[in-house]
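The structure under discussion appears below in the form of structure tokens.
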Amino acid sequence: MTAAFLYGAAGLLLFALGLWSLLVHEPLLRKLIAFNIMGSGVFHLFIAVAHRSDGSTPDPVPHALVLTGIVVAVSATALALALNSRLEEADAKASSTKTTPTGAPEPSKTARTGLPDPSTNGANRLRWPSQ
Amino acid sequence: MISNSLILPIVLPLLGALLVVALPRKMPMLGALAALATSGSGLWVTAQTWLQADLGIVLGGWGLPLGIGLAADGLSAAFLAMSSLVGLGTSIYAIGYFAGSERCNHFWPLWFLLWASLNGVFLAADLFNLYVMLELLGLSAAALGALTGSRAAVEANLRYLLVGLLGSITYLLGVALLYAGYGTLDIGLLSERIQPSPLAAGALVLMIAGLALKAALFPMHFWLPPAHANAPAPVSALLSGLVVTAAFYILLRIASGLFAPVETPGWAGLLGILGAISVLWGGLQALRQDRLKMVVAYSTVSQVGYGFLLFPLTLAGSAAASYAWNGAVYFALAHAVAKAAAFLAVGALMHQIGHDRLQEMTGAAWRSPFILMAFAMASLSLMGLPPSAGFVAKWMLLKSALLSGHWGYGMVIVGGGILAMAYLFRVLEITMRAPPEGWSRLPIPKGLAFPAMVLAVTAVLLGVFSDLPLRLLQVGPVVGDWGRFAP
């Protein structure tokens with residue numbers, strides 16, 4: 001079992017773990033971390049592939065691919081976080097205006113708008129598929 | 001032959017994005033100029049491919065397999081021409097749609113990024129380049145879809161983003177496996193080296209799974225209707241018309257070209273069955289919707305399924321295979337133009353009446369006949385009625401299914417057409433009933449109505465004059481020997 005083989009196998013394992021977490025866990029941050037772990041798994045595989053058995057310097061092409069992949073993953077995570085913060089803003093605004101001015105109780109909107117119920121300690125839950 | 005104009009369709013929209021961010025006051029005019037330049041360069045590349053056979057260039061002078069190539073053969077040129085037309089029409093529409101609203105500050109830069117990545121997808125000759133362009137496409141599409149900022153839109157597009165990321169990271173794993181096995185990612189070189197082996201089969205499965213997720217194949221279609229229906233109208237047109245088509249284009253390149261020696265009837269059959277289920281399921285769901293935009297979004301789910309029927313049909317012998325391939329490609333092109341026209345028409349109507357609830361639209365055709373006519377002509381192509389492009393595509397697919405004895409797929413094609421007629425005629429019937437008392441004409445601004453009508457007429461003309469595009473598709477081999485473009 002060479003080091004490169006173990007490294008590549010670890011990468012595939014990380015990919016599988018990340019995939020499981022992405023599909024099973026609901027909070028959005030969990031899903032984002034899972035996606036990043038999947039990405040790390042794929043990058044592990046690239047690094048393992050770059051290893052040259054005759055001891056010479058490793059193949060630089062997969063290293064370049066990993067760098068590009070890291071940049072892409074970071075931008076994607078940034079966009080997802082930005083959208084998530086917009087979602088939390090909208091939820092905070094909606095829950096702060098929950099009672100009407102006359103004090104009459106608001107009809108329950110959870111079913112239609114899918115607002116998280118207050119027991120979820122603020123973590124944003126993204127159901128998939130929703131409704 | 002080597003051609004430097006291949007970089008223009010990718011560079012010009014990027015420059016346009018920079019310009020509109022640098023000079024936001026002049027955004028609509030700069031946007032229009034950049035859109036004209038980009039679609040012009042796309043059509044120029046198409047014309048060059050038509051006249052001179054396939055083109056290629058290796059960027060930076062680095063030879064293959066180290067360098068990254070751009071290449072255009074008949075398939076790329078056809079998709080490039082289609083995206084240039086749809087992009088130009090949508091840009092003109094967007095000038096009118098976002099006029100006076102500050103949302104155009106966000107639309108134009110994101111739209112040009114999307115266009116650059118779209119052209120990059122169509123012109124890429126290298127699997128990793130495809131990955132980068134695909135990711136950029138997904139990011140800008142999700143950001144554009146959430147443009148309205150409403151909670152529903154942001155949630156739907158966040159889901160779209162996550163699904164897209166899952167798809168592309170799976171695709172990247174497939175790319176990594178291919179590099180491990182064959183040492184190159186250039187499509188031309190890979191197609192020479194690829195052998196049936198567990199590694200290639202594994203890479204094929206991963207890449208197809210990732211791309212099918214992005215192309216909304218059943219059962220991975222759940223993200224599409226909310227994301228497309230909650231976006232502003234020009235964005236819905238782009239998402240349904242172009243983004244989904246780009247994912248399907250990559251599938252065409254990879255599954256039917258590159259991986260042809262590795263394909264087994266098992267995989268092809270699975271994709272065909274899922275495509276057939278998509279067609280029927282999307283159609284049935286479209287019948288149940290009470291928002292017009294959701295009807296059109298589910299229609300996209302249904303139409304995407306037709307393209308996947310290509311895979312089992314091309315494995316079945318050469319006469320059926322060429323009809324199937326041409327039919328599926330023409331279907332993707334026809335659907336892109338018709339769906340964009342449909343979303344633009346729906347958006348123009350929504351812009352004036354303020355909502356898209358079907359039951360409250362009775363008599364809309366009496367009040368705004370021009371825009372409903374545009375929608376009806378787009379529907380012609382979506383249903384597959386002659387002489388539209390959708391009919392030509394369905395005819396070829398049906399012929400292929402019958403020639404190869406796949407009666408089941410033939411029935412699915414016909415059944416899907418009937419379902420499309422059902423859900424589209426339902427919409428048209430509601431709009432053509434007599435409107436409630438005291439109705440008045442509701443004029444649609446010309447800047448919105450004309451692009452929709454032009455695209456709808458194009459969808460029909462593409463059927464009448466289908467000979468030229470079909471001949472364009474034959475230019476160059478599907479997976480070309482692009483290695484010969486190395487300096």
Side-chain angles (χ1 to χ4, degrees), chain A residues 8 11-12 15 18-19 22-23 28 31-32 34-50 59-62 64-66 68-69 71-73 75-91 93-94 112-115 124 126-131, chain B residues 65-68 110 126-129 131-136 138-143 145-146 149-166 168-185 202 206 209 219-226:
Chain A
L12 288 175
F15 184 86
L19 179 63
L22 183 63
L23 294 176
L28 177 76
K31 288 195 196 278
L32 275 181
F35 161 69
N36 277 297
I37 291 183
M38 286 172 82
S40 296
V42 178
F43 303 151
H44 271 60
L45 187 62
F46 268 121
I47 301 287
V49 163
D59 185 358
V61 173
L65 303 182
V66 168
T68 312
V71 169
V72 170
S75 339
T77 308
L79 179 63
L81 287 172
L83 286 177
N84 184 41
S85 81
R86 183 77 180 83
L87 210 54
E88 286 185 347
E89 253 178 50
D91 287 348
K93 210 185 286 183
R112 268 190 291 129
T113 60
L115 289 173
N124 223 326
L126 195 69
R127 292 176 193 286
W128 78 344
S130 92
Q131 283 132 326
Chain B
L66 202 57
I68 291 183
L110 288 172
D126 178 274
L127 285 179
F128 193 75
N129 208 12
Y131 166 71
V132 173
M133 293 297 170
L134 195 60
E135 276 281 24
L136 185 58
L139 289 182
S140 29
S150 72
R151 195 199 186 277
V154 174
E155 180 183 353
N157 283 284
L158 188 49
R159 182 180 308 119
Y160 171 31
L161 181 62
L162 284 177
V163 168
L165 292 178
L166 175 60
S168 39
I169 203 74
T170 311
Y171 172 88
L172 187 61
L173 185 61
V175 168
L177 287 179
L178 278 182
Y179 191 79
Y182 300 108
T184 176
L185 290 177
L206 285 169
M220 296 165 287
H221 66 287
F222 54 86
W223 55 267
L224 195 150

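Quick note on labels: first sequence line is chain A, next is B, and so on, each numbered from 1.
- Among A143(B), G149(B), A142(B), A146(B), the residue making the largest number of heavy-atom pairs under 4.5 Å with chain A is G149(B).
- S168(B) does not touch chain A: none of its heavy atoms, backbone or side chain, sits under 4.5 Å away.
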side-chain contact (heavy atoms from CB on, under 4.5 Å) between F15(A) and V42(A): does it pass, once the steps are laid out?
CA-CA 7 Å; F15(A) 184 86; V42(A) 178; 3.7 Å; yes
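- In this structure, the side chains of T170(B) and L19(A) stay at 4.5 Å or more apart for every pair of heavy atoms.
- L79(A) touches chain B through backbone and side chain together, each having a heavy atom under 4.5 Å away.
- Interface check for chain B: of the options L65(A), V71(A), T68(A), V49(A), the most heavy-atom pairs under 4.5 Å are formed by L65(A).
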Could you walk me through whether V163(B) and F222(B) pass the side-chain contact (heavy atoms from CB on, under 4.5 Å) test, one step at a time?
CA-CA 10 Å; V163(B) 168; F222(B) 54 86; 4.0 Å; yes
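- A salt bridge is defined here as a Lys NZ or Arg NE, NH1 or NH2 lying under 4.0 Å from an Asp or Glu carboxylate O, and R159(B) with E155(B) meets this definition.
- Comparing N157(B), L165(B), L177(B) by how many heavy-atom pairs each has under 4.5 Å with chain A, the most go to L165(B).
- A donor and an acceptor atom, one from each side chain of D59(A) and Y179(B), are located under 3.5 Å apart.
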Would you please test L166(B) and M38(A) for side-chain contact (heavy atoms from CB on, under 4.5 Å) and show each step?
CA-CA 9 Å; L166(B) 175 60; M38(A) 286 172 82; 3.5 Å; yes
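- Contacts of A176(B) with chain A are made by both backbone and side-chain atoms, with heavy-atom separations under 4.5 Å.
- The parts of L172(B) that come within reach of chain A are both its backbone and its side chain, each placing non-hydrogen atoms under 4.5 angstrom from that chain.
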